[in-house]
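Beneath this line is the structure, given in structure tokens, with notes to follow.
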Amino acid sequence: MSVKTSKLMKIVYIAPAPIPSRSANSIHVLLQCKALIKFSNDIVLYTKRTVRKKSKMKETLMDAYGIDTGSLRLVTTWNMLDKFNTIQIALLAIIHLLINKWPDIIISRNLYASFVIVIIYRKPILFETHQLEYGFRKYLQNKIIRSKHTTTILISEELKKLIIEHHKLFKLKNIVLHDAAQDGVEPISRDMRRNLLYEVYPKLSNNWDGICGYFGHLYSGRGIEQIAEMANKRPNVLFLIFGGNQEDVDAKKRLNRNDNMIYMGHVPHSNSQYLMKLFDILLMPYQKKVSIGVKGHDTGRWMSPMKMFEYMATGVPIISSNLTVLREILKNNINALLVSPDNSDEWVLAIDKLIQDKAFSEKIGMQSHKDYKNLYTWSRRAKCIVDINPLQ
């Protein structure tokens, strides 16, 4: 029997890393917690804050993400030590849990806290993991997911398959929940998009055949080199690149030889949600190996990029790399165009098709938005989480 959703239910969420930051992890945690508020009036988030003053935390989150955390209780720690952040958050959470009433649901993306809760205290937990661990962290991950007290939340069917292989499991008590986008996003009509974009960036105004947008990091495997090739082959199409830390942006600008490819730098998450709506085409040129900015971490085989769902919410047509894990969500010629990751000719032909065939472009964009609305909102994901019975 499923857990009943109730405003009296106490939910605890243990973060894997400090908040706020530019990492997708921090945005994921906050948006999921915000959605969970609909199902409980007592939600606690344990994390390490990156702002010194505790009183400034909620204001900072609003500035960084445009997220009003409302009734979410933030239990945070802060110090100048940048190392061992995950362990610091785990210690904070465990100590606080031991001196307070144990909650109805614990959701944890924190490896160390999860291990203590299920192995030492033998309490039920919803353990969400987005990657394969190695070394000592693999040992911890293995112990957690094998425990009868654990229900594992995974972000893709591919990750589920790889986790089973990685840990040599016969079975895994789990649920696959892909990432999501904020509720209530509505598209802007195609005819209005360009004028609104020029209102934000008037210097870009020109008689472009089309305007393509990319949002995300500039790490290896994100396909920035492919976009440069597209820009070279289609000089009358504008390519705007949003995201990246300042060092990476500066380095890319020095190497850029295309006047129609512009690095716009980092924009706050709340701004990016609006800007995504203003393009003719959104690009997702992931390569077969995708870095998350941490040495040795390649998520290309199992990722469920939050950006994909945010793109889908806009109703703007998407061109994406044809990767197995992305096909769990994207269907070629139905809600996106899928092309070979490393074939720039296929990319420019896809761009041409969407520019020239407005009816087709509108059709796949609207189907993408419909899929987001029906399947991939944070509220829907939150409902799936609170309906899990970890004792089954």
Side-chain angles (χ1 to χ4, degrees), residues 1-3 9-19 25 28-29 32-33 36 40 42-48 73 75-77 81 83-156 159-177 294 296-297 299 302 384-392:
M1 183 174 66
S2 295
V3 174
M9 180 187 299
K10 182 177 180 180
I11 301 174
V12 158
Y13 197 117
I14 308 174
I19 294 172
N25 271 341
H28 172 106
V29 168
Q32 188 63 89
C33 285
L36 285 164
S40 171
D42 191 4
I43 299 181
V44 181
L45 169 62
Y46 295 103
T47 188
K48 180 179 177 181
R73 283 199 289 143
V75 179
T76 62
T77 184
L81 182 66
K83 293 183 178 180
F84 312 116
N85 286 325
T86 306
I87 295 175
Q88 290 181 54
I89 296 168
L91 287 171
L92 171 72
I94 295 300
I95 292 169
H96 200 267
L97 286 170
L98 290 176
I99 62 177
N100 289 277
K101 183 181 178 182
W102 211 264
D104 299 290
I105 296 177
I106 299 176
I107 306 161
S108 177
R109 285 190 56 191
N110 187 298
L111 199 63
Y112 299 98
S114 301
F115 181 84
V116 172
I117 290 166
V118 300
I119 302 301
I120 297 177
Y121 292 104
R122 300 180 182 276
K123 297 288 187 179
I125 194 171
L126 306 180
F127 171 61
E128 180 159 351
T129 184
H130 292 191
Q131 62 192 51
L132 304 179
E133 301 288 1
Y134 293 89
F136 179 63
R137 290 176 64 90
K138 179 181 179 180
Y139 167 81
L140 296 178
Q141 187 181 53
N142 184 285
K143 288 292 185 181
I144 294 164
I145 64 179
R146 285 180 181 273
S147 169
K148 66 180 181 180
H149 305 294
T150 302
T151 301
T152 303
I153 301 174
L154 301 164
I155 53 169
S156 67
L159 180 57
K160 175 182 174 180
K161 182 176 75 173
L162 290 166
I163 283 279
I164 289 171
E165 293 174 358
H166 192 59
H167 292 288
K168 298 180 173 59
L169 303 171
F170 291 107
K171 62 179 181 179
L172 175 66
K173 187 166 73 169
N174 76 96
I175 182 172
V176 173
L177 295 176
V294 179
H297 284 258
T299 64
W302 65 76
C384 291
I385 287 172
V386 298
D387 279 348
I388 299 169
N389 187 345
L391 298 179
Q392 281 186 333

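Both backbone and side-chain heavy atoms feed into the values below; hydrogens, waters and symmetry mates do not.
- In this structure, the side chains of Lys10 and Val44 come closer than 4.5 Å at one or more pairs of heavy atoms.
- The heavy-atom pair separating Phe127 from Ser114 by the smallest distance is CD1-OG, 3.3 Å.
- The backbone N or O of Ile145 lies less than 3.5 Å from no partner atom in the side chain of Thr152, so there is not a single donor-acceptor pair.
- Using bins of under 30°, 30° to 60° and over 60° for the plane-to-plane angle, the ring pair His130/His28 lands in the perpendicular bin.
- Here the side chain of Asp104 pairs no donor or acceptor atom with the backbone of Ile11 at under 3.5 angstrom.
- Between the side chain of Glu133 and the backbone N or O of Gln141, no donor-acceptor pair lies under 3.5 Å.
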From CA spacing to verdict: side chain to side chain contact (heavy atoms under 4.5 Å, CB included), Tyr46, Leu97: CA-CA 10 Å; Tyr46 295 103; Leu97 286 170; 4.2 Å; yes

Audit row: Ile19, Leu45, side chain to side chain contact (heavy atoms under 4.5 Å, CB included) steps and yes/no: CA-CA 11 Å; Ile19 294 172; Leu45 169 62; 4.3 Å; yes

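- Arg109 contributes atom CZ, which lies 8.0 Å from atom OG1 of Thr129 (distance to the nearest 0.5 angstrom).
- The nearest pair of heavy atoms linking Leu159 to Leu154 is CD2-CD2, 3.9 Å.
- When all heavy atoms are compared, the tightest approach of Cys384 to Ile388 is O-CG1, 3.2 Å.
- Going from atom NZ of Lys161 over to atom CH2 of Trp302 covers 12.5 Å, rounded to the nearest 0.5 Å.
- Considering all non-hydrogen atoms of both residues, Ile119 and Ser147 come closest at CD1-CB, 4.4 Å.
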CA sep, side-chain torsions, deciding dist, call: Ile385, Gln32, side chain to side chain contact (heavy atoms under 4.5 Å, CB included): CA-CA 10 Å; Ile385 287 172; Gln32 188 63 89; 3.6 Å; yes

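- Proximity of a side-chain donor or acceptor of Thr47 to a complementary backbone N or O of Ala17 within less than 3.5 Å is detected.
- For the pair Asp42 and Arg73, the minimum side-chain heavy-atom distance is below 4.5 Å.
- Without hydrogens or angle criteria, Arg146 side chain to His167 main chain gives a donor-acceptor distance under 3.5 Å.
- To the nearest 0.5 Å, atoms CD1 (Ile175) and CG (Asp387) are separated by 8.5 Å.
- Once rounded to the nearest 0.5 Å, the distance linking NZ of Lys48 with CD1 of Ile87 reads 11.5 Å.
- In this structure, NZ on Lys160 lies 7.0 Å from CG on Leu172, to the nearest 0.5 angstrom.
- Residues Val29 and Pro16 come closest through the heavy atom pair CG2-CD, 3.8 Å.
- Taking the six-membered ring wherever Trp is involved, the centroid distance between the rings of Tyr134 and His166 falls below 6.0 Å.
- Exactly one residue among Leu91, Thr86, Ile117 makes a side-chain contact (heavy atoms from CB on, under 4.5 Å) with Tyr112. That residue is Thr86.
- Shown here for Ile89 and Pro18, the closest heavy-atom pair between the two residues is CD1-N, 4.0 Å.
- Interatomic distance, Ile106 CD1 to Thr150 OG1, rounded to the nearest 0.5 Å: 10.5 Å.
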